[in-house]
*Asks:* 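Below is a structure I'd like to ask you about.
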2 protein chains.
Amino acid sequence: MKLSTKGRYAVMAMVDLASTSKGNPVALADIAERQEISLSYLEQLFAKLRRGGLVRSVRGPGGGYLLAHAVDQTRVSDIIVAVDEPIRATRCAPGSPTGCRVNKSRCLTHDLWEELGNQIHLYLSSVTLADVCARRVLGTSHVIDHPTEPAPADPSPMAAAE
Amino acid sequence: MKLSTKGRYAVMAMVDLASTSKGNPVALADIAERQEISLSYLEQLFAKLRRGGLVRSVRGPGGGYLLAHAVDQTRVSDIIVAVDEPIRATRCAPGSPTGCRVNKSRCLTHDLWEELGNQIHLYLSSVTLADVCARRVLGTSHVIDHPTEPAPADPSPMAAAE
DNA sequence: GAAAAACCCTAGCAGAATGCTAAGGAACTT
DNA sequence: AAGTTCCTTAGCATTCTGCTAGGGTTTTTC
(Lines give C-alpha, C1' and ligand atoms only; values in the text may rest on other atoms or scores of the structure.)
Protein backbone atom coordinates (compact mmCIF):
# COMPACT_ATOMS: atom_id res chain seq x y z
CA MET A 1 0.00 0.00 0.00
CA LYS A 2 1.41 3.28 -1.09
CA LEU A 3 -0.25 6.51 -0.04
CA SER A 4 0.52 8.76 -2.97
CA THR A 5 -1.26 11.56 -4.72
CA LYS A 6 -2.11 9.13 -7.47
CA GLY A 7 -4.52 7.39 -5.13
CA ARG A 8 -6.05 10.70 -4.21
CA TYR A 9 -6.73 11.54 -7.83
CA ALA A 10 -8.36 8.17 -8.33
CA VAL A 11 -10.62 8.63 -5.32
CA MET A 12 -11.57 12.12 -6.48
CA ALA A 13 -12.51 10.76 -9.89
CA MET A 14 -14.47 7.86 -8.41
CA VAL A 15 -16.39 10.18 -6.12
CA ASP A 16 -17.19 12.35 -9.12
CA LEU A 17 -18.33 9.31 -11.06
CA ALA A 18 -20.44 8.07 -8.18
CA SER A 19 -22.18 11.37 -7.66
CA THR A 20 -22.68 12.15 -11.35
CA SER A 21 -23.81 8.85 -12.79
CA LYS A 22 -27.43 7.96 -12.24
CA GLY A 23 -27.02 4.63 -13.92
CA ASN A 24 -25.75 6.26 -17.10
CA PRO A 25 -22.18 6.06 -18.32
CA VAL A 26 -20.08 9.13 -17.53
CA ALA A 27 -17.50 10.27 -20.07
CA LEU A 28 -13.96 10.69 -18.84
CA ALA A 29 -13.76 14.09 -20.51
CA ASP A 30 -16.49 15.35 -18.18
CA ILE A 31 -14.75 14.07 -15.07
CA ALA A 32 -11.48 15.51 -16.28
CA GLU A 33 -13.01 18.95 -16.69
CA ARG A 34 -14.86 18.96 -13.38
CA GLN A 35 -11.93 17.66 -11.36
CA GLU A 36 -9.26 19.53 -13.33
CA ILE A 37 -7.30 16.40 -14.05
CA SER A 38 -5.59 15.77 -17.37
CA LEU A 39 -7.72 13.52 -19.57
CA SER A 40 -4.85 11.27 -20.58
CA TYR A 41 -3.82 10.87 -16.98
CA LEU A 42 -7.36 9.97 -16.03
CA GLU A 43 -7.44 7.39 -18.78
CA GLN A 44 -4.42 5.71 -17.27
CA LEU A 45 -6.00 5.67 -13.84
CA PHE A 46 -9.28 4.28 -15.10
CA ALA A 47 -7.48 1.58 -17.05
CA LYS A 48 -6.16 0.33 -13.71
CA LEU A 49 -9.52 0.73 -12.03
CA ARG A 50 -11.08 -1.33 -14.79
CA ARG A 51 -8.47 -4.06 -14.44
CA GLY A 52 -9.20 -4.01 -10.73
CA GLY A 53 -12.86 -4.63 -11.40
CA LEU A 54 -14.04 -1.38 -9.85
CA VAL A 55 -15.60 0.16 -12.97
CA ARG A 56 -17.15 -1.02 -16.21
CA SER A 57 -16.71 0.76 -19.52
CA VAL A 58 -19.11 1.47 -22.36
CA ARG A 59 -17.55 2.32 -25.68
CA GLY A 60 -18.78 4.48 -28.48
CA PRO A 61 -20.73 7.72 -28.46
CA GLY A 62 -22.75 8.17 -25.31
CA GLY A 63 -20.39 5.78 -23.62
CA GLY A 64 -18.21 6.25 -20.56
CA TYR A 65 -17.61 4.56 -17.26
CA LEU A 66 -19.96 2.99 -14.74
CA LEU A 67 -19.35 1.84 -11.19
CA ALA A 68 -19.06 -1.92 -11.17
CA HIS A 69 -20.64 -2.12 -7.72
CA ALA A 70 -23.02 -0.03 -5.64
CA VAL A 71 -21.62 3.09 -3.98
CA ASP A 72 -21.86 1.52 -0.54
CA GLN A 73 -19.99 -1.54 -1.77
CA THR A 74 -17.00 0.34 -3.19
CA ARG A 75 -14.40 0.98 -0.54
CA VAL A 76 -11.72 3.63 -0.67
CA SER A 77 -9.03 1.08 0.09
CA ASP A 78 -9.93 -0.87 -3.03
CA ILE A 79 -9.46 2.22 -5.18
CA ILE A 80 -6.04 2.96 -3.79
CA VAL A 81 -4.88 -0.62 -4.02
CA ALA A 82 -6.05 -0.81 -7.65
CA VAL A 83 -4.29 2.37 -8.71
CA ASP A 84 -1.01 2.34 -6.82
CA GLU A 85 1.69 -0.08 -7.80
CA PRO A 86 1.86 -2.72 -5.12
CA ILE A 87 5.33 -2.52 -3.66
CA ARG A 88 8.91 -1.53 -4.20
CA ALA A 89 10.78 -3.78 -1.79
CA THR A 90 13.77 -1.50 -1.30
CA ARG A 91 15.12 -2.96 1.90
CA CYS A 92 12.71 -5.23 3.69
CA ALA A 93 10.63 -7.84 1.95
CA PRO A 94 6.96 -6.94 2.33
CA GLY A 95 5.27 -9.91 3.94
CA SER A 96 8.06 -12.18 4.99
CA PRO A 97 8.98 -12.00 8.67
CA THR A 98 12.38 -13.44 7.78
CA GLY A 99 12.90 -10.85 5.05
CA CYS A 100 14.85 -8.32 7.05
CA ARG A 101 17.25 -9.68 9.59
CA VAL A 102 20.23 -7.39 9.05
CA ASN A 103 19.82 -6.24 12.59
CA LYS A 104 17.40 -6.73 15.43
CA SER A 105 16.26 -3.14 15.64
CA ARG A 106 15.54 -2.97 11.93
CA CYS A 107 13.21 -5.93 12.28
CA LEU A 108 11.58 -4.19 15.20
CA THR A 109 10.66 -1.20 13.10
CA HIS A 110 9.50 -3.56 10.36
CA ASP A 111 6.75 -4.75 12.69
CA LEU A 112 5.80 -1.16 13.33
CA TRP A 113 5.35 -0.30 9.64
CA GLU A 114 3.43 -3.45 9.02
CA GLU A 115 1.01 -2.64 11.80
CA LEU A 116 0.72 0.91 10.57
CA GLY A 117 -0.22 -0.42 7.16
CA ASN A 118 -2.89 -2.53 8.80
CA GLN A 119 -4.29 0.48 10.60
CA ILE A 120 -4.43 2.54 7.42
CA HIS A 121 -6.06 -0.24 5.49
CA LEU A 122 -8.52 -0.80 8.29
CA TYR A 123 -9.63 2.79 8.21
CA LEU A 124 -9.83 3.08 4.42
CA SER A 125 -11.76 -0.18 4.28
CA SER A 126 -14.34 1.29 6.61
CA VAL A 127 -15.08 4.18 4.26
CA THR A 128 -17.13 3.66 1.11
CA LEU A 129 -17.87 5.98 -1.76
CA ALA A 130 -21.32 6.46 -0.30
CA ASP A 131 -19.74 7.74 2.92
CA VAL A 132 -17.56 10.25 1.11
CA CYS A 133 -20.42 11.50 -1.04
CA ALA A 134 -22.62 11.96 2.03
CA ARG A 135 -19.79 13.59 4.01
CA ARG A 136 -19.98 10.82 6.60
CA VAL A 137 -16.23 10.89 7.07
CA LEU A 138 -15.32 13.09 9.99
CA GLY A 139 -16.10 12.91 13.64
CA THR A 140 -15.17 9.39 14.66
CA SER A 141 -11.60 9.94 15.83
CA HIS A 142 -11.27 7.87 18.93
CA VAL A 143 -8.12 6.63 20.55
CA ILE A 144 -6.65 3.31 19.56
CA ASP A 145 -5.78 1.64 22.80
CA HIS A 146 -2.31 0.26 23.13
CA PRO A 147 -0.40 -1.61 25.86
CA THR A 148 1.54 1.39 27.11
CA GLU A 149 0.98 4.35 29.36
CA PRO A 150 -0.91 7.19 27.72
CA ALA A 151 1.23 9.75 25.95
CA PRO A 152 1.58 13.22 27.49
CA ALA A 153 -0.11 16.30 26.13
CA ASP A 154 0.57 16.84 22.44
CA PRO A 155 3.19 19.57 21.93
CA SER A 156 3.10 19.64 18.11
CA PRO A 157 -0.26 19.37 16.39
CA MET A 158 0.25 17.65 13.11
CA ALA A 159 -0.26 18.89 9.60
CA ALA A 160 -2.86 17.14 7.49
CA ALA A 161 -2.13 14.20 5.27
CA GLU A 162 -2.12 16.25 2.15
CA MET B 1 2.56 14.51 7.74
CA LYS B 2 4.39 12.72 5.00
CA LEU B 3 4.95 8.99 5.23
CA SER B 4 8.23 8.58 3.43
CA THR B 5 11.22 6.34 3.77
CA LYS B 6 13.05 9.23 5.37
CA GLY B 7 10.85 8.87 8.42
CA ARG B 8 11.55 5.15 8.50
CA TYR B 9 15.29 5.72 8.56
CA ALA B 10 14.87 8.18 11.39
CA VAL B 11 12.82 5.76 13.45
CA MET B 12 15.32 2.97 12.83
CA ALA B 13 18.12 5.19 14.02
CA MET B 14 16.20 6.34 17.08
CA VAL B 15 15.35 2.77 18.04
CA ASP B 16 19.02 1.90 17.70
CA LEU B 17 19.95 4.87 19.84
CA ALA B 18 17.36 4.00 22.47
CA SER B 19 18.43 0.40 22.73
CA THR B 20 22.18 1.10 22.67
CA SER B 21 22.56 4.08 24.94
CA LYS B 22 22.52 3.39 28.67
CA GLY B 23 22.77 7.05 29.52
CA ASN B 24 25.94 7.41 27.48
CA PRO B 25 26.21 9.30 24.21
CA VAL B 26 26.17 7.11 21.11
CA ALA B 27 28.29 8.10 18.13
CA LEU B 28 26.51 8.45 14.81
CA ALA B 29 29.19 6.34 13.16
CA ASP B 30 28.14 3.36 15.27
CA ILE B 31 24.48 3.78 14.40
CA ALA B 32 25.37 4.19 10.75
CA GLU B 33 27.30 0.94 10.73
CA ARG B 34 24.70 -1.08 12.62
CA GLN B 35 21.76 0.19 10.59
CA GLU B 36 23.63 0.36 7.29
CA ILE B 37 22.76 3.98 6.71
CA SER B 38 25.17 6.47 5.21
CA LEU B 39 26.85 8.54 7.95
CA SER B 40 26.36 11.84 6.21
CA TYR B 41 22.73 11.07 5.60
CA LEU B 42 22.28 10.20 9.26
CA GLU B 43 23.90 13.47 10.24
CA GLN B 44 21.29 15.33 8.25
CA LEU B 45 18.48 13.41 9.89
CA PHE B 46 19.85 13.95 13.40
CA ALA B 47 20.26 17.66 12.74
CA LYS B 48 16.50 17.77 12.25
CA LEU B 49 15.87 15.57 15.25
CA ARG B 50 17.98 17.92 17.35
CA ARG B 51 16.12 20.98 16.11
CA GLY B 52 12.92 19.14 16.95
CA GLY B 53 14.10 18.67 20.52
CA LEU B 54 14.12 14.88 20.36
CA VAL B 55 17.85 14.33 20.97
CA ARG B 56 20.72 16.14 22.65
CA SER B 57 24.25 16.16 21.30
CA VAL B 58 27.62 15.89 23.02
CA ARG B 59 30.60 17.05 21.03
CA GLY B 60 34.19 15.97 21.15
CA PRO B 61 35.72 12.53 21.74
CA GLY B 62 33.39 10.20 23.56
CA GLY B 63 30.52 12.33 22.38
CA GLY B 64 27.48 11.43 20.37
CA TYR B 65 23.74 11.70 20.74
CA LEU B 66 21.41 11.17 23.69
CA LEU B 67 17.66 10.89 23.81
CA ALA B 68 16.22 14.16 25.10
CA HIS B 69 13.38 12.34 26.84
CA ALA B 70 12.76 8.89 28.28
CA VAL B 71 12.06 6.07 25.86
CA ASP B 72 8.43 5.88 26.95
CA GLN B 73 8.04 9.62 26.39
CA THR B 74 9.34 9.63 22.83
CA ARG B 75 6.59 8.91 20.36
CA VAL B 76 7.06 7.67 16.83
CA SER B 77 4.85 10.44 15.47
CA ASP B 78 7.21 13.06 16.87
CA ILE B 79 10.14 11.49 15.04
CA ILE B 80 8.39 11.47 11.69
CA VAL B 81 7.08 15.00 12.10
CA ALA B 82 10.56 16.25 13.00
CA VAL B 83 12.27 14.62 10.03
CA ASP B 84 9.81 14.97 7.17
CA GLU B 85 9.22 18.36 5.67
CA PRO B 86 5.81 19.52 6.78
CA ILE B 87 3.78 19.98 3.61
CA ARG B 88 3.79 20.51 -0.09
CA ALA B 89 0.46 22.23 -0.65
CA THR B 90 0.07 21.21 -4.26
CA ARG B 91 -3.65 21.58 -4.60
CA CYS B 92 -5.51 21.87 -1.32
CA ALA B 93 -4.40 24.05 1.55
CA PRO B 94 -3.56 21.85 4.54
CA GLY B 95 -5.72 23.04 7.40
CA SER B 96 -8.09 25.51 5.89
CA PRO B 97 -11.56 24.16 5.15
CA THR B 98 -11.98 26.98 2.63
CA GLY B 99 -8.73 26.10 0.87
CA CYS B 100 -10.15 23.83 -1.79
CA ARG B 101 -13.48 24.82 -3.18
CA VAL B 102 -12.86 24.24 -6.86
CA ASN B 103 -15.55 21.63 -6.78
CA LYS B 104 -17.81 20.00 -4.26
CA SER B 105 -16.50 16.50 -4.65
CA ARG B 106 -12.90 17.60 -4.28
CA CYS B 107 -13.77 19.08 -0.92
CA LEU B 108 -15.43 15.84 0.00
CA THR B 109 -12.24 13.89 -0.51
CA HIS B 110 -10.32 16.59 1.34
CA ASP B 111 -12.23 15.67 4.47
CA LEU B 112 -11.33 12.05 3.88
CA TRP B 113 -7.59 12.66 3.68
CA GLU B 114 -7.68 14.90 6.69
CA GLU B 115 -9.38 12.23 8.73
CA LEU B 116 -6.94 9.63 7.44
CA GLY B 117 -4.10 11.85 8.61
CA ASN B 118 -5.73 12.01 12.02
CA GLN B 119 -5.98 8.23 12.16
CA ILE B 120 -2.33 7.77 11.22
CA HIS B 121 -1.18 10.35 13.71
CA LEU B 122 -3.36 8.81 16.36
CA TYR B 123 -1.76 5.43 15.89
CA LEU B 124 1.81 6.67 15.69
CA SER B 125 1.24 8.81 18.78
CA SER B 126 0.20 5.72 20.68
CA VAL B 127 3.52 3.99 19.99
CA THR B 128 6.66 5.03 21.86
CA LEU B 129 10.27 4.01 21.39
CA ALA B 130 9.86 1.78 24.43
CA ASP B 131 7.04 -0.08 22.68
CA VAL B 132 9.08 -0.67 19.53
CA CYS B 133 12.10 -1.85 21.50
CA ALA B 134 9.97 -4.26 23.50
CA ARG B 135 8.11 -5.44 20.38
CA ARG B 136 4.84 -4.26 21.87
CA VAL B 137 3.60 -3.21 18.46
CA LEU B 138 1.56 -5.97 16.90
CA GLY B 139 -1.64 -7.64 17.89
CA THR B 140 -4.01 -4.79 18.61
CA SER B 141 -5.70 -4.45 15.24
CA HIS B 142 -9.33 -3.92 15.98
CA VAL B 143 -11.94 -2.43 13.76
CA ILE B 144 -12.55 1.29 13.72
CA ASP B 145 -16.30 1.66 13.84
CA HIS B 146 -17.87 3.87 11.25
CA PRO B 147 -21.42 5.03 10.54
CA THR B 148 -21.97 2.73 7.59
CA GLU B 149 -22.93 -0.85 6.97
CA PRO B 150 -20.04 -3.26 7.38
CA ALA B 151 -18.02 -3.92 4.23
CA PRO B 152 -18.35 -7.31 2.54
CA ALA B 153 -15.69 -10.00 2.67
CA ASP B 154 -12.29 -8.70 1.57
CA PRO B 155 -11.49 -9.86 -1.96
CA SER B 156 -7.98 -8.38 -2.15
CA PRO B 157 -5.76 -8.63 0.93
CA MET B 158 -3.45 -5.69 0.96
CA ALA B 159 0.30 -5.55 0.68
CA ALA B 160 2.18 -4.25 3.69
CA ALA B 161 3.00 -0.63 4.26
CA GLU B 162 6.58 -1.04 3.17
C1' DG C 1 -20.65 2.46 -44.40
C1' DA C 2 -18.45 6.62 -43.06
C1' DA C 3 -17.95 9.83 -39.45
C1' DA C 4 -17.81 10.85 -34.83
C1' DA C 5 -17.48 9.78 -30.03
C1' DA C 6 -15.67 7.61 -26.74
C1' DC C 7 -12.49 4.13 -24.72
C1' DC C 8 -7.71 2.03 -24.97
C1' DC C 9 -2.56 1.67 -25.03
C1' DT C 10 2.40 2.90 -25.18
C1' DA C 11 6.31 5.89 -25.03
C1' DG C 12 8.48 9.53 -23.21
C1' DC C 13 9.50 13.85 -20.56
C1' DA C 14 9.97 17.95 -17.07
C1' DG C 15 10.12 18.67 -12.43
C1' DA C 16 10.57 17.28 -7.78
C1' DA C 17 11.94 14.17 -4.16
C1' DT C 18 15.08 10.62 -2.35
C1' DG C 19 19.14 8.85 -0.74
C1' DC C 20 23.63 9.77 -0.75
C1' DT C 21 28.61 11.84 -1.41
C1' DA C 22 31.86 15.41 -0.64
C1' DA C 23 33.98 18.90 1.73
C1' DG C 24 34.81 21.71 5.11
C1' DG C 25 34.07 23.76 9.57
C1' DA C 26 33.15 24.16 14.91
C1' DA C 27 33.34 22.45 19.49
C1' DC C 28 34.99 19.58 22.90
C1' DT C 29 38.37 16.24 25.35
C1' DT C 30 42.73 14.57 26.28
C1' DA D 1 47.71 20.92 19.81
C1' DA D 2 45.72 17.05 18.15
C1' DG D 3 42.15 14.08 17.56
C1' DT D 4 37.30 13.06 17.73
C1' DT D 5 32.98 14.05 17.16
C1' DC D 6 29.17 16.97 15.83
C1' DC D 7 27.45 20.43 12.32
C1' DT D 8 26.44 22.58 7.79
C1' DT D 9 26.05 23.27 2.92
C1' DA D 10 26.40 22.04 -1.89
C1' DG D 11 25.64 18.99 -5.31
C1' DC D 12 24.46 14.66 -7.81
C1' DA D 13 22.43 10.07 -9.63
C1' DT D 14 18.29 7.77 -9.54
C1' DT D 15 13.48 7.31 -9.14
C1' DC D 16 8.68 8.77 -9.01
C1' DT D 17 4.92 11.86 -10.27
C1' DG D 18 1.93 14.00 -13.14
C1' DC D 19 1.34 14.82 -17.60
C1' DT D 20 1.72 15.13 -22.96
C1' DA D 21 1.73 13.03 -27.43
C1' DG D 22 0.21 10.11 -30.60
C1' DG D 23 -1.67 6.58 -32.09
C1' DG D 24 -5.04 2.96 -32.06
C1' DT D 25 -10.02 0.13 -31.36
C1' DT D 26 -14.90 -0.28 -30.58
C1' DT D 27 -19.48 1.33 -30.96
C1' DT D 28 -23.29 4.41 -32.24
C1' DT D 29 -25.52 7.48 -35.31
C1' DC D 30 -26.41 9.48 -39.53
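Values reported hereafter were calculated over all heavy atoms of this structure, with side chains retained and with hydrogens, waters and symmetry mates removed. Lettering of chains follows the sequences in order, A, B, ..., and the numbering in each one begins at 1.
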*Asks:* Among all residues two or more places apart in sequence or in another chain, which pass the side chain to side chain contact (heavy atoms under 4.5 Å, CB included) test with A:Asn24?
*Replies:* none
*Asks:* Mind listing the side-chain donor-acceptor pairs of residues 37-45 of chain B below 3.5 Å, one per line with the distance, residues two or more places apart or on another chain?
*Replies:*
unit_1, atom_1, unit_2, atom_2, d
B:Ser38, OG, B:Ser40, N, 3.4
B:Ser38, OG, B:Tyr41, N, 3.1
B:Gln44, NE2, B:Ser40, O, 3.4

*Asks:* Would a distance-only check, ignoring hydrogens and angles, find a side-chain to backbone donor-acceptor pair under 3.5 Å from B:Thr74 to B:Val71?
*Replies:*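 Answer holds: no.
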*Asks:* N/O contacts under 3.5 Å, protein versus nucleotides 9-11 of chain C?
*Replies:*
unit_1, atom_1, unit_2, atom_2, d
C:dC9, N4, A:Glu43, OE1, 3.4

*Asks:* Between P on D:dG11 and OH on B:Tyr41, what's the gap in Å once rounded to a whole number?
*Replies:* 19 Å
*Asks:* Mind checking side chain to side chain contact (heavy atoms under 4.5 Å, CB included) for B:Ala29 and listing every partner two or more places apart, or none if nothing turns up?
*Replies:* none
*Asks:* Can you tell if the side chain of B:Tyr123 reaches within under 4.5 Å of the side chain of A:Leu112, non-hydrogen atoms only?
*Replies:*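 A side-chain contact under 4.5 Å exists here.
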*Asks:* Could you state the atom-to-atom distance from NZ of A:Lys48 to P of C:dC7 in whole Å?
*Replies:* 18 Å
*Asks:* With a 3.5 Å distance limit and no angle check, can you tell me whether B:Ser21 reaches the backbone of B:Ala18 through a side-chain donor-acceptor pair?
*Replies:*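 Not confirmed, B:Ser21 side chain does not pair with B:Ala18 backbone.
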*Asks:* Please state how far atom CG in B:Asp30 lies from atom P in D:dT4, giving the value in whole angstrom units.
*Replies:* 13 Å
*Asks:* What are the residues of residues 57-67 of chain B, sorted by number, that bring a heavy atom to within less than 4.0 Å of DNA chain C?
*Replies:* B:Arg59, B:Gly60, B:Pro61
*Asks:* So, do A:Arg75 and A:Asp78 sit near enough that their side-chain heavy atoms are less than 4.5 Å apart?
*Replies:* yes
*Asks:* Should B:Arg8 and B:Ile80 count as side-chain neighbours, where that means a heavy-atom distance under 4.5 Å?
*Replies:* no
*Asks:* Rounded to whole Å, how long is the line connecting atom NZ of B:Lys6 with atom P of D:dT15?
*Replies:* 18 Å
*Asks:* What does A:Val55 touch in the nucleic acid at a heavy-atom separation under 4.0 angstrom: a base, only the sugar-phosphate, or nothing?
*Replies:*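 Touches nothing.
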*Asks:* Between B:Ser38 and A:Phe46, which residue's closest nucleotide on DNA chain C lies nearer the 5′ terminus?
*Replies:*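 Final value for this comparison: A:Phe46.
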*Asks:* Between atom CG in B:Leu39 and atom P in D:dT5, what is the gap in whole Å?
*Replies:* 11 Å
*Asks:* Take the protein atom CG of B:Leu45 and the nucleotide atom P of D:dC6, then report the distance between them rounded to whole Å.
*Replies:*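 It works out to 14 Å between those atoms.
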*Asks:* In whole angstrom, what separates A:Leu42's CG from C:dC8's C1'?
*Replies:*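 Result: 14 Å.
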*Asks:* In whole Å, I'd like the distance from the CD1 atom of B:Ile37 to the C1' atom of C:dT21.
*Replies:* 16 Å
*Asks:* Please identify each residue that fulfils side chain to side chain contact (heavy atoms under 4.5 Å, CB included) with B:Arg59, with sequence neighbours left out.
*Replies:*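 Side chain to side chain contact (heavy atoms under 4.5 Å, CB included) list for B:Arg59, sorted by chain: empty.
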